[in-house]
Structures are given as C-alpha cells and as structure tokens.
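Reading through the structure tokens given below for one structure.
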Amino acid sequence: EFRRVLFRSLPLDTFAAALDAAGIGLWSIDFVTSTYHWSEVQWRLHGVEERRGVIDLEARVALMHPDDRLKAVALIHQATPDKPTVTLEYRLAASPERWLRSIGVISFNEAGDNTTASGVTFEITDRKHLAADLAQAQRLETVGRLASSVAHDFNNLLTSILGFSQLVQESLPSDARAFTDLEEVLRAARSAASLTRRLVSYARPRTDRKSTRLNSSHVSESRMPSSA
C-alpha cells in the first residue's frame, strides 16, 4: 500500500527519471498499427545510442537473437485477459552474450483481442552468467563425487590385487618366472593406487583441500625449531 501511494504521488517525469537512472527501459506497443514506442534507455539497452523514435514489429524482432524470436511472438499470443502479464528473456542479435528481460502487461478489448501493451526492460547478463557458472560448478561437483566413488571402489579392488599378489609372490622362489611376472603386476597395481589417490584428492571439495594445505603448513611450522 505504501508503494502504491508513493508511485501515485510521484510526478511522471520523476518516475521516468528514476527508471532511467536504474537503467530500466520503458516501452509500449500498439497492436493495431504494430508499432513500438521506446524510451531512450530502451534504445540503449538494445545497442542503439541515438533514439530513433517509433519502431515497427519486424524491426523490433530483428534486434533479438534468431533463436529467441519465435518465443517472443508466441508469448504475445499466449497472453489472455485473465493472465495479461508476460515475461520474456532474450539475447541481442548484435551481442549474443548480452541478455535482457522484458516484463509487460497486455490490454484487451471486449472481444478479447489484444490492443496495447506496456512494460519495462532491464539487463540480466550478469545474472545469467552467474547462473551458468553455478550450474557448471554443480556439474563439476557431481562429476567429482562420481569420480571419488569410482576411485574408492577401484581402490578396494587394487587392495585385493596387491594383497593376494604379494601372498602368492612370497610363496615363490625369487628366481621363479612367476615371481618376476608378479613383480610387474605389483608395480602396475601400485601405480594405479597412486593414480587413484590423486583422483580422490582432486575430487575432494576445494575447501577440504585448502584446509588440508593449511593444516600441513601449520604442522610444518610447529616443528621448526625456535630461533630464541
């Protein structure tokens, strides 16, 4: 209620200036004439530094990334008088790495046809990149857990191979052919065990590895003789 009263009490120029300062673009659509009216910020968000006035639907869609154009058109047709609010996230055709979000409300006539719409647009590139980084980190964490699980299972197999190979080798004379062959088996198994330990260490969460390094450093320092 406070925000509603505040917005109603603000002069239109003040409200528009506040949106401009926040980097939020304003837009409106006339579906009868298929024309868009944009604020200066709206133009800048789309990579156009100088305001060009009215823009038609074809030119508007052309500013979007080709993969996002059909989605934009579909959203307009999906809106209904009961659900007039639409939200669209899209990339720019000229700068595919940039993302914008538009939120608007569509108005309908008594026949249920959309007549006009108005809304705001703001940039969400940083948010998208953060979301992508988070998703990548989660995927790496999943891979790390899987690698750790596989490494532990493999380590159990290696323990059996090493143990039984050593028992068999100890029962053989050192000049036996099988003794030398088992030595190669043991050497390969030890190498595999070393690789497994490195894999487990890599799969361990970074915080654990950092803590381990700090603890090791602390132990080393505690063992150093005092200079006094």
Side-chain angles (χ1 to χ4, degrees), residues 1-139 142:
E1 180 64 28
F2 171 76
R3 286 183 297 178
R4 187 180 299 110
V5 172
L6 176 63
F7 290 153
R8 287 178 177 176
S9 63
L10 284 175
L12 183 59
D13 291 345
T14 302
F15 186 66
L19 291 178
D20 288 350
I24 299 175
L26 294 173
W27 55 266
S28 64
I29 309 173
D30 186 333
F31 290 110
V32 177
T33 60
S34 296
T35 55
Y36 286 69
H37 296 268
W38 283 6
S39 68
E40 292 183 7
V41 174
Q42 181 77 356
W43 282 109
R44 290 199 299 270
L45 285 171
H46 288 79
V48 181
E49 293 300 327
E50 296 182 3
R51 184 172 182 173
R52 298 182 180 179
V54 178
I55 182 173
D56 59 28
L57 178 59
E58 183 177 356
R60 169 67 180 96
V61 173
L63 291 173
M64 296 181 179
H65 190 279
D67 294 342
D68 300 329
R69 293 170 184 172
L70 290 178
K71 179 174 59 176
V73 176
L75 275 176
I76 294 176
H77 294 291
Q78 289 172 4
T80 64
D82 294 331
K83 295 181 178 180
T85 302
V86 294
T87 301
L88 173 65
E89 295 181 356
Y90 58 94
R91 292 158 293 175
L92 297 178
S95 304
E97 73 282 357
R98 290 185 57 210
W99 282 84
L100 302 180
R101 174 182 289 176
S102 284
I103 303 175
V105 177
I106 297 178
S107 300
F108 297 84
N109 59 21
E110 295 181 356
D113 300 322
N114 49 18
T115 55
T116 61
S118 59
V120 297
T121 300
F122 48 94
E123 187 160 0
I124 57 170
T125 301
D126 290 344
R127 189 182 307 175
K128 281 289 186 179
H129 289 172
L130 286 174
D133 291 343
L134 177 60
Q136 176 67 9
Q138 291 173 336
R139 285 194 293 270
T142 300

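All values reported here derive from a predicted model rather than from experimental measurement.
H46 contributes no side-chain N or O that, together with a main-chain N or O of V48, makes up a donor-acceptor pair within less than 3.5 Å. Side chain of T116 to main chain of S107: no donor-acceptor pair is present (N/O by atom type, distance under 3.5 Å, no hydrogens or angles). Without hydrogens or angle criteria, N109 side chain to D113 main chain gives a donor-acceptor distance under 3.5 Å.
Looking only at side-chain heavy atoms (C-beta outward), L26 and V41 stay at 4.5 Å or farther from each other. A heavy-atom distance below 4.5 Å is found between the side chains of L100 and L92. When side chains are defined from C-beta on, R91 does not count as touching R98, because their heavy atoms never get closer than 4.5 Å. The side-chain heavy atoms of E40 and D20, taken from C-beta on, include no pair separated by under 4.5 Å. Counting only heavy atoms from C-beta outward, the side chains of I76 and V86 never approach each other to under 4.5 Å.
Evaluation of the side-chain hydrogen bond (donor to acceptor under 3.5 Å, both in side chains) rule for R69 yields no partner, not counting sequence neighbours. In this structure F31 satisfies the ring-ring contact (aromatic ring centres under 6.0 Å, His included) test with no other residue, sequence neighbours excluded.
The two residues A79 and I106 come nearest to each other via the heavy atoms CB-CD1, 3.6 Å. Between W99 and E123, the shortest heavy-atom distance links the atoms O-CG, 3.3 Å. Closest heavy-atom contact between S102 and Y90: OG-OH, 3.5 Å. Nearest approach of A62 to A93, heavy atoms of both residues: O-CB, 3.6 Å. Considering every non-hydrogen atom in both L45 and G25, the closest pair reads CD1-N, 3.8 Å.
Open room surrounds CD on E58; 12 or fewer heavy atoms of other groups in view lie less than 6.0 Å from it. Crowding of L70 atom CG: a count of heavy atoms from other residues, nucleotides or ligands under 6.0 Å not exceeding 12.
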Discussion item. Applying side-chain contact (heavy atoms from CB on, under 4.5 Å) to R101 and L88, what does each step give before you reach the verdict?
Written reply: CA-CA 6 Å; R101 174 182 289 176; L88 173 65; over 6 Å; no
Practice prompt. Using the ring pair (Phe, Tyr, Trp, His ring centres under 6.0 Å) rule, take W43 and W38 through it: C-alpha gap first, then chi angles, then the decisive distance, then the call.
Written response: CA-CA 7 Å; W43 282 109; W38 283 6; 4.7 Å; yes
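Rounding to the nearest 0.5 angstrom, the gap separating the CD1 atom in I55 from the OG atom in S34 is 12.5 Å. To the nearest 0.5 Å, atom CG of residue D56 and atom OG1 of residue T35 are 8.5 Å apart. Taking CD from Q42 and OG from S28, the interatomic distance works out to 10.0 Å, rounded to the nearest 0.5 Å. Here the straight-line distance linking atom OH of Y36 with atom CD1 of I29 works out to 3.5 Å at 0.5 Å rounding. Within the model, atoms CD of E97 and OG1 of T125 stand 7.5 Å from one another, a figure rounded to the nearest 0.5 Å.
Applying the side-chain hydrogen bond (donor to acceptor under 3.5 Å, both in side chains) definition to pairs two or more places apart or across chains, none involves residues 71-84.
Looking at W27 and T121, their side chains do bring a donor and an acceptor atom within 3.5 Å of each other.
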